Amino acid sequence: MGKLLQALSANTSKDRVRQLAQLSEAELQRLATLNRSLAEADPKEKAKALRNRASRLSGLASRIQTASDVVSDAKTRELQKLIDASNVAKQAAELTAKGFIAQPGLLPGTGGDAWKQLFEAARSFAAESHRDHVFPNLGADALCPLCQNALGDDGARRLIDFDAFVQRAVEKTAREARAAAIPPFEAIRGADLNFRMEDSLADESPELNALCSVFQQSLNARKASILQAAASKIEWNSIPAFTENPHQRLLDRKGILEQEADALEKTMDQAARAAMVKEQAELDGRQRLFGVLDAVLEGIDRLGMQKKLKSCIDQTGTTGISRKSTDLSKEMATQEVADALNRELKSLDVDELHVVMKSSSPGGKTQYKLELQLPGGGSPSDILSEGEQRAISIASFLAELSLSKGRGGIVFDDPVSSLDHKRRWKVAQRLAHEALIRQVIVFTHDVAFMSVLQRVAEDAGSLQLIQCIRRSPVGYGTHTPRLPFDTLKTTKRIGELRIQSDLAAQAHKNGDEEGSNRLVKDGYFHLRMAWERAVEEVLLNGAISRFEVGISTKPLQSVVVEDDDYKAIEAGMTKCSYFAHDSAQAAQLPIPHPDEFRADVEALESWRSLVEKRKTAVQTRRKQ
């Protein structure tokens with residue numbers, strides 16, 4: 001795994017990594033074998049013990065197979081077929097014997113199985129007692145083989161009739177069918193199916209030991225059911241099926257033990273042991289890779305992103321851009337470019353600077369270049385301030401943009417650093433007008449410049465979307481549409497203060513007095529800021545605003561400052577000042593309850609609403 005991680009790159013196949021992290025059951029077993037083998041102190045003796053255990057398991061598997069073969073499905077079907085044939089033949093013989101048995105003078109049971117055995121015994125005895133005759137033709141003068149009285153004519157005739165009955169085809173078939181069924185039946189009845197389990201198996205594999213025990217019971221139960229079915233006491237389909245036969249599981253276990261024995265024996269060979277150590281490291285590394293798979297896949301994604309970013313960086317190297325810019329300035333410097341630059345310089349309030357075309361003829365070839373003329377001459381880098389140089393850079397970029405005729409988006413990162421207050425407004429106005437024809441993205445830490453951008457974008461009619469990127473509990477770079485408090489208008493500040501009052505009330509309810517006091521104190525600090533914003537935005541109607549370059553007189557048309565306004569503002573600001581600063585007076589005062597803080601927030605909202613209604617009435621009256 002170490003080699004994999006060392007060679008990890010954006011080109012590493014994620015599918016290959018996933019494949020390496022997945023070990024099969026056989027590979028896991030192999031790793032376990034290697035771990036045990038390489039850790040064994042006496043591999044020779046251990047291997048010998050394992051082979052003995054494997055041999056005992058092999059013997060047990062063989063005994064189980066032998067026992068299960070006796071009552072196998074094939075043997076059971078064979079016995080059922082023979083017994084069914086015997087029963088059918090017997091029924092046919094009995095049906096034929098009904099006429100014979102119906103003769104008068106015969107004893108009960110004549111023609112039955114016991115009688116037939118008796119008759120056959122007489123036949124056997126006659127072979128000794130009447131050697132000169134062929135049974136049943138003994139003659140009337142002969143003695144009966146059974147009762148040893150004279151047969152007489154009637155007895156001699158009956159003996160011949162009895163033999164004829166026994167020798168009939170159906171009787172012969174019945175005897176043959178019974179004789180065929182007896183050996184397989186006796187083989188099952190006389191079989192000992194107890195296969196003698198190994199005592200060590202319980203310690204080696206409790207699961208396998210239990211499986212063998214259940215199978216032993218299954219064999220005995222199956223044997224008993226087969227004998228009952230053969231005796232027609234139960235149906236053949238009632239014979240229970242085998243439980244899981246442990247034969248193959250025992251052979252698998254035997255194979256594992258032999259593999260471990262092989263591995264142990266190999267550890268005694270230096271070259272083989274080295275190969276095993278290498279294999280163990282590989283399998284172990286793949287197993288550990290599974291535990292960090294998500295992190296590795298994420299690392300590949302990051303390396304892929306780094307590769308893409310590096311490619312982007314390489315393609316935007318400043319050296320190449322500068323070289324291309326120089327080449328283009330020699331080939332593309334035209335009066336149109338000069339005019340575009342001068343327009344942009346004027347829009348950014350640096351119109352004391354002027355761009356002119358100058359020609360030269362190196363090697364007999366006329367070339368043109370643009371030069372920046374300064375009042376009184378001199379080098380721009382020696383005379384121009386950093387802010388003026390920044391303004392020229394922005395003007396050059398915007399001039400190039402206007403000549404390109406494209407509508408692609410543009411991005412600025414803090415474009416007004418080093419610019420004075422007046423030029424900030426000029427840059428903001430220029431970007432707001434550019435946003436009417438293309439997307440303009442501006443990154444800035446300057447809240448004042450953001451406020452200016454908002455104002456000029458509204459005046460220009462540009463659509464705007466403001467996002468704040470800040471640190472949050474989840475980390476850095478979290479974006480949110482919620483802007484810093486000091487950029488919000490009065491109504492939105494009141495909304496934020498209401499949220500803070502709710503949080504303070506919840507903390508107070510939960511018994512977090514310290515947290516509630518902290519939220520209330522911070523709330524009064526921001527409530528003071530809200531009063532300040534309300535004075536310039538609500539009371540003075542924006543006639544005088546921070547970050548503005550001048551004073552607007554038109555909004556005064558709606559402005560009236562009443563005594564009640566002064567009292568409300570003075571009261572609100574004074575109370576906020578008590579708790580917004582760490583003054584000696586504030587230290588002696590208890591922090592207000594969250595409900596009191598909420599009431600002070602609503603006092604600002606009530607005053608704001610009252611002034612807005614009054615402004616409408618004043619404006620209407622003054623227009624008359």
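As the structure is a computational prediction, the values presented were derived from the model and not from experiment.
When atom types are taken as modelled, the side chain of Lys223 and the backbone of Val71 share no donor-acceptor pair closer than 3.5 angstrom. Arg16 places no side-chain N or O within donor-acceptor distance of the main-chain N or O of Ser13, the cut-off being under 3.5 Å. The closest donor-acceptor contact from the side chain of Ser72 to the backbone of Asp69 lies under 3.5 Å. Side-chain atoms of Ser218 do not come within 3.5 Å of backbone N or O of Val214 as any donor-acceptor pair. Looking at His593, its side chain does come within 3.5 Å of a backbone N or O of Asp595 through a donor-acceptor pair. Not a single donor-acceptor pair under 3.5 Å links the side chain of Ser213 to the backbone N or O of Asn209. No donor-acceptor distance shorter than 3.5 angstrom exists from the side chain of Arg598 to the backbone of Ser501, with no hydrogens or angles considered. Under the 3.5 Å distance criterion, the side-chain polar atoms of Asp414 are matched with a main-chain donor or acceptor of His445. Side-chain N or O atoms of Glu27 include one that pairs as donor or acceptor with a backbone N or O of Ser24 at under 3.5 Å. Between the side chain of Gln500 and the main chain of Leu519, a donor-acceptor pair closer than 3.5 Å is present.
Taken from NE2 in His508 to CD in Glu513, the straight-line distance is 4.5 Å, to the nearest 0.5 Å. In this structure, the separation between CG on Leu57 and CG on Leu257 is 6.0 Å, given to the nearest 0.5 Å. If you take CZ on Phe195 and CD1 on Ile64, they are separated by 4.0 Å, rounding to the nearest 0.5 Å.
For the 3.5 Å distance criterion, the side chains of Gln19 and Asp15 fail to qualify, holding no donor opposite an acceptor. Donor-acceptor pairing under 3.5 Å is lacking for the side chains of Gln506 and Asp502.
Looking at Lys81 and Asp84, no side-chain N of the basic residue comes within less than 4.0 Å of a carboxylate O on the acidic one, giving no salt bridge. A salt bridge is absent between Asp192 and Arg63: the closest approach of a Lys/Arg side-chain nitrogen to an acidic carboxylate oxygen does not fall below 4.0 angstrom. Between Asp512 and Arg518, none of the side-chain N atoms (NZ, or NE/NH1/NH2) sits under 4.0 Å from a carboxylate O, so this pair counts as no salt bridge. Salt bridge Glu204/Arg53: present, at least one basic N to carboxylate O contact under 4.0 Å. Checked for salt-bridge contact, Arg288 and Asp284 meet the test: a charged N lies under 4.0 Å from a carboxylate O.
Inter-residue side-chain proximity for Leu50 and Asn52 is flagged as unmet; no heavy-atom pair is nearer than 4.5 Å. Within the 4.5 Å cutoff, the side chain of Ser516 has heavy atoms near those of the Pro594 side chain. Between Ile466 and Gln464 the shortest side-chain heavy-atom distance falls below 4.5 Å. In this structure the side chain of Gln65 reaches within 4.5 angstrom of the side chain of Asn245, judged on heavy atoms. Looking at heavy atoms from C-beta onward, Asn149 lies out of side-chain contact with Leu143 at the 4.5 angstrom threshold. In this structure the side chain of Arg498 never reaches within 4.5 angstrom of the side chain of Leu503, judged on heavy atoms. Using a 4.5 Å cut-off on side-chain heavy atoms (C-beta onward), Thr478 and Ile469 make no contact. For the pair Leu250 and Ser58, the minimum side-chain heavy-atom distance is 4.5 Å or more.
Among Leu82, Leu79, Ile226, the single residue meeting the side-chain contact (heavy atoms from CB on, under 4.5 Å) criterion with Phe185 is Leu79.
Counting heavy-atom neighbours within 6.0 Å of Glu235 CD, excluding the residue itself, gives a total of 12 or less. The 12-atom threshold is exceeded at CD of Gln467, counting heavy atoms of other residues, nucleotides or ligands nearer than 6.0 Å. Enclosure of atom CD1 in Ile499 by more than 12 non-hydrogen atoms of other residues, nucleotides or ligands within 6.0 angstrom is indicated.
Shortest non-hydrogen contact noted between Leu497 and Phe597 is O-CE2, 4.0 Å. When all heavy atoms are compared, the tightest approach of Leu219 to Ala67 is CD1-CB, 3.8 Å. Taking both residues in full, the closest heavy atoms of His247 and Ala61 are given as CD2-O, 3.0 Å, listed atom of the first, atom of the second, then distance. Shortest non-hydrogen contact noted between Ser9 and Ile300 is O-CG2, 4.0 Å. Here the shortest heavy-atom pairing between Gly139 and Leu151 reads O-CD1, 3.7 Å. Taking all atoms of both residues into account, the shortest heavy-atom contact from Phe215 to Pro246 is CG-CD, 3.6 Å.
For the side-chain hydrogen bond (donor to acceptor under 3.5 Å, both in side chains) condition, the pairs that include at least one residue of residues 299-308, sequence neighbours left out, are Asn11-Lys307, Lys14-Asp301, Glu298-Arg302.
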Could you check Leu20 against Phe290 for side-chain contact (heavy atoms from CB on, under 4.5 Å), going step by step and ending with a plain yes or no? CA-CA 8 Å; Leu20 287 173; Phe290 179 78; over 6 Å; no
Give the C-alpha distance, both sets of side-chain angles, the deciding distance and a yes or no for side-chain contact (heavy atoms from CB on, under 4.5 Å) between Arg18 and Leu297. CA-CA 9 Å; Arg18 292 190 186 96; Leu297 296 178; 3.8 Å; yes
When you look at Arg222 and Ile239, which way does the side-chain contact (heavy atoms from CB on, under 4.5 Å) test go after all the steps? CA-CA 6 Å; Arg222 186 174 172 87; Ile239 298 173; 3.8 Å; yes
Show, in sequence, the C-alpha distance, side-chain angles and deciding distance for Phe412 and Val440, and conclude whether the side-chain contact (heavy atoms from CB on, under 4.5 Å) test is met. CA-CA 8 Å; Phe412 290 91; Val440 178; 4.2 Å; yes
